[in-house]
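For clarity, every value in this text was computed on a predicted model and none was experimentally measured.
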Amino acid sequence: MTISRRSFLETAAALGASLAWVGPARGSQVEWHERRDLYPQGVASGDPDPHSVILWTRRPFDQGTRQLLTVEVAEDEAFRRVVAQAPAPVSSVADWTARVLIGGLEPARVYWYRFTDPDGHGSRVGRTITAPLPDDPRAVSFAFVSCQDVNEGKLNAYRKMIHEDERAPAAEQLGFVLHLGDFIYEVIEYPDEVKTRYDRTIYEVARIPDGHKVGNFHIPLTLEGYRAIYKGYLADPDLQDARARWPFVAMWDNHEFSWQGWQSIVKAGSFEVPGQSIKVAANQAWFEYLPARIAPPGGSLERFDPPAVKDVPIKEYDSDGLGIEPNNLAAINSLQGYRTLRWGRCLDLIITDQHSYRNADPFSDPSLEKLGGQEFIDMFPESGMRVLDGGRAFDGGKPPAEIRFNDARIPNPQRDAPPQTILGATQKAWFKDRLRHSTAVWKIWGNSEGALDSRADPQNLPAGLTKEPWPKNASFASLGGGDYGTAYVERAEIYDLVRDAKITGFAIVSGDRHSFWAGYAAADLPPGKFEPVGLSFVGGSLTSPGVMEAYEHKLPKDAPLRSLFLADRGAGKAPDWTYNMLLKHGVRSCLEYAKSFDLERARALSNPDLAPHLEFVDLGGHGYAKVRLSADEMRTEFVCIPRPVARSDRPDGGPLRYRVVHTAALWKSGQRPQLKVSVLEGDVGLSI
């Protein structure tokens, strides 16, 4: 299978790409000498297909508004076999960033690339890889990562990933890195204002012009603010090295725009404003700094050309909760991130956007705080979460008028609201269509948010442990909310399609939770019908603090239910993370473990109805996940590192906490998938 120059030109035209077409190999004709200081954010490549890839760099100039670089692509690192050379325009209007689409490449091949300015000053050399042809049966290997808050940590996980990949057999090396969001954190702390958070040093990242301050955090409100953050993040040497080694396939999560924002509304704690211009600015900065096969509004990869929008209140919403205010629609549609990537016969990667089209968070109404239950530490009756998620459609259109917790009651704040949607109607229809028509062995849903239920069984707590009992009319509790773990209606719609269309090889890879999870994609849990239709994984954060770190520092020692989250071993010793056991085995196991520290006795009290969907959970894990897909197996490896509070001085990125592998044979239609968990190195603690 080959690609014609005409079809490539059509592809390039659709993206508005600066392009180069491969020709006969020859020695480099460019006088290049490396000046990394003039290319302060390094080089990168993105979204490869079998015959093309987008190459990126940033070369700022002190004078003028536009310059031309030269990009070269070679079959060898010494550039003795250069197969493509093309102009790469950079301009002040795009913050001196370049994106060039290279076509006519051979499939499943490693290439090398570099940029040179008119004076011969060159970027570092980058390495990229093209995808196999759609019918290529070879196995696929990729990593998925998320949540790299360099304001509060260091990217040792990338150094570990590079070190191991360089030493792996060629057939087992990674083909690409899937970045599932929070590439930046728009909430920035300044070291001169706050020295530490938890036990972490606050590192200098950027100073935000024309921003706003919420607590200790500065947030951008203009394009220059977002650009400053990207430049600060990309100064990190380990991130630069990772982007220079592999093509990245990226999707934003919340922090690329706004911490608690949705559609084009900016929200950070009590600060909430219409943010149409801010959403456009966030999209433009993402486009400028992350090379992706996404068409900008101006129709040219050279520059974004943002639509003109006004920051005005959104007062009208359609039946799905999408704000129909014209500026909101223009802002969220200024960059469409959802897309697919095919990698041989084994993989269709279907990537979705979880924030631009979602409706309002159904779990954040302030009136819910009046229900009490604070002793139960983030637990809320699962039955109530389902009511809030279902909105006006709950129980066939008969939602209850009130939400209750023991004797406390409030009017149901979602009684007249639409059911929760994270995808939005248009994107969801696209996603379901791509899923239904996929011809790959494995259909992998890449999204930024976890899809596994997080629940506990406080109905089994002994009487008197808390002043207020768990409600008699409630059984299981949900912990958290806002991702697919509590998007019961929309998640069931997708899983039912997988079941009814007899789709096999369905799996989810996700991020955002700052923790490692492995289990099964199931629409319901006991006492409902447990019917897994696929696999589901969440990768730990690269650096960002997780819930266990927060509880270690903030959970009161005298909290009645502390032992469900932390088992204290005495002065000078770190507590054990019983929260993992709570989610996997239940309250009886946690209480026994905190009393005896006997793991066997604690697991013997496991509640079998609590978490049949979970095989592994580590709420304090940092690192990355690797996936290997073959014609008959999915293998997902969690590589967990110690808390990355300082940069490792070792070339391998430092020690491991553990390495654990989850394998599943490809199942047939009507069968249940089965995961096997194997600990290869280290101690997984209470995660199994």
Can you tell me if Asn151 uses its side chain to pair, donor with acceptor, with the backbone of Tyr203 under 3.5 Å? yes

*asked:* Check whether Asp311 reaches the backbone of Gln276 with its side chain - one donor and one acceptor, N or O, closer than 3.5 Å.
replied: yes

Quick one: does any side-chain atom of Glu256 pair with a main-chain N or O of Asp253 as donor and acceptor, under 3.5 Å?
yes

Step by step, would you call Val205 with Tyr233 a side chain to side chain contact (heavy atoms under 4.5 Å, CB included)? CA-CA 7 Å; Val205 171; Tyr233 268 65; 3.7 Å; yes

For the backbone of Arg643 and the side chain of His622, can you confirm whether one donor and one acceptor N or O come within less than 3.5 Å of each other? no

Would you mind checking if Arg303 and Glu288 are paired as a salt bridge, meaning a charged N to carboxylate O distance below 4.0 Å? no

Hey, is Asp348 close enough to Lys443 for a salt bridge, meaning N to O under 4.0 Å?
no

| Within-4.5 Å side-chain heavy-atom neighbours: Val538 and Ser510 | yes

ask   = Step by step, would you call Arg99 with Leu55 a side chain to side chain contact (heavy atoms under 4.5 Å, CB included)?
value = CA-CA 6 Å; Arg99 284 151 298 280; Leu55 305 180; over 6 Å; no

key: Exercise: do Glu490 and Thr421 side chains pair donor with acceptor under 3.5 Å   = yes

Original post:
For residues Asp199 and His553, is any side-chain donor paired with an opposing acceptor at under 3.5 Å?
Top reply: yes

Practice item. Give the ring-plane orientation class for His212 versus Phe271, where under 30° counts as parallel, over 60° as perpendicular and anything between as tilted. Key: parallel

Does the pair Leu452 and Arg513 meet the rule for a side chain to side chain contact (heavy atoms under 4.5 Å, CB included), with working shown? CA-CA 11 Å; Leu452 289 161; Arg513 291 187 178 181; 4.1 Å; yes

- Item | CA sep, side-chain torsions, deciding dist, call: Glu189, His218, side-chain hydrogen bond (donor to acceptor under 3.5 Å, both in side chains) | CA-CA 6 Å; Glu189 298 157 290; His218 297 261; over 6 Å; no

From the list Asp483, Asp453, Asp389, salt bridge (charged side-chain N to carboxylate O under 4.0 Å, His left out) partner of Arg491 resolves to Asp453

Exam field: side chain Thr486 to backbone Gly482, donor-acceptor pair closer than 3.5 Å: yes

- Quick one: do Arg124 and Asp241 make a salt bridge, cutoff under 4.0 Å? yes

### Query
Hey, is the main chain of Ala646 close enough, under 3.5 Å, to the side chain of Asn156 for a donor-acceptor pair?
yes

Nearest heavy-atom approach of Arg339 to Arg293 is CD-O, 4.2 Å

- Query: So, are Asp353 and Arg358 salt-bridged, with charged N and O less than 4.0 Å apart?
  - Reply: no

Value for CH2 (Trp96) from CZ (Arg66), rounded to nearest 0.5 Å, stands at 10.0 Å

Quiz prompt | Donor-acceptor side-chain pairing of Asn254 and Tyr185 below 3.5 angstrom | solution = no

Is Asn359 reaching over with its side chain to a backbone N or O of Pro419, donor-acceptor style, under 3.5 angstrom?
yes

Query - Pair Lys279-Ser258, side-chain donor/acceptor within less than 3.5 Å - result: no

*Starting from the C-alpha separation in whole Å, work towards a yes-or-no answer on side-chain hydrogen bond (donor to acceptor under 3.5 Å, both in side chains) for Asn447 and Glu449.*
CA-CA 6 Å; Asn447 72 68; Glu449 299 199 326; over 6 Å; no

Would you confirm whether Arg114, through its side chain, and Ser123, through its main-chain N or O, come within 3.5 Å as a donor-acceptor pair?
-> no

Would you say Leu619 and Trp517 make side-chain contact, with heavy atoms under 4.5 Å?
yes

*Hey, can you tell me if Phe142 and Phe176 have their rings parallel, tilted or perpendicular (30° and 60° cut-offs)?*
parallel

Heavy atoms of Tyr198 and Ala550 approach each other most closely as OH-CB, 3.3 Å

Checklist entry - Do Asp320 side-chain atoms and Leu322 backbone N/O form a donor-acceptor pair below 3.5 Å? => result no

#### Entry: SB check Glu193 Lys213 (cutoff 4.0 Å)
yes

> Is any side-chain heavy atom of Val177 less than 4.5 Å from a side-chain heavy atom of Phe144?
Replying inline: no

Would you say the rings of Trp56 and Tyr113 are close, in the sense that their centroids are separated by under 6.0 Å?
no

So, Gln354 versus Thr352: side-chain donor-acceptor pair below 3.5 Å or not? yes

Would you tell me whether Ser544 and Asp149 have side-chain atoms, one donor and one acceptor, within less than 3.5 Å of each other? no

Checklist line | Ser334 side chain to Asn283 side chain, donor-acceptor N/O pair below 3.5 angstrom | finding: yes

Polar side-chain atom of Glu325 near backbone of Glu316 as donor-acceptor pair, under 3.5 Å
no

Rounded to the nearest 0.5 angstrom, the OG-CG distance for Ser356 and Leu423 is 11.5 Å

Quiz item: So Tyr289 and Tyr230, would you call those rings parallel, tilted or perpendicular, with 30° and 60° as cut-offs?
Solution: parallel

Exercise for the section: Apply side chain to side chain contact (heavy atoms under 4.5 Å, CB included) to the pair Val194 and Arg197, showing each step before the final yes or no. Expected result: CA-CA 8 Å; Val194 53; Arg197 190 162 83 100; 5.6 Å; no

Report task. May I ask you to check whether His179 and Gln148 show a side-chain donor-acceptor distance below 3.5 Å? Result -> yes

For Ala268 and Ile219 the tightest heavy-atom approach is CB-CD1, 4.4 Å

Parallel, tilted or perpendicular: which one describes the rings of Trp262 and Tyr317, with boundaries at 30° and 60°? parallel

Between Ser264 and Ile332 the two heavy atoms that sit nearest each other are N-CG2, 3.9 Å

For Arg207 and Asp192 the tightest heavy-atom approach is NH2-OD1, 2.9 Å

Worksheet item: Taking atom types as modelled, is there a side-chain donor on Thr97 or Asp95 under 3.5 Å from an acceptor on the other?
Response: no

**Report entry** Centroid-centroid under 6.0 Å between Trp252 and Phe183 rings
**Finding:** no

Taken to the nearest 0.5 Å, the spacing of Ile184 CD1 from Lys231 NZ works out to 12.0 Å

| Once the angle between the rings of His255 and Trp259 is folded into 0 to 90°, is it parallel (under 30°), tilted (30 to 60°) or perpendicular (over 60°)? | parallel

Quiz item: Taking C-beta and beyond as the side chain, do Thr57 and Leu69 meet within less than 4.5 Å on heavy atoms?
Solution: yes

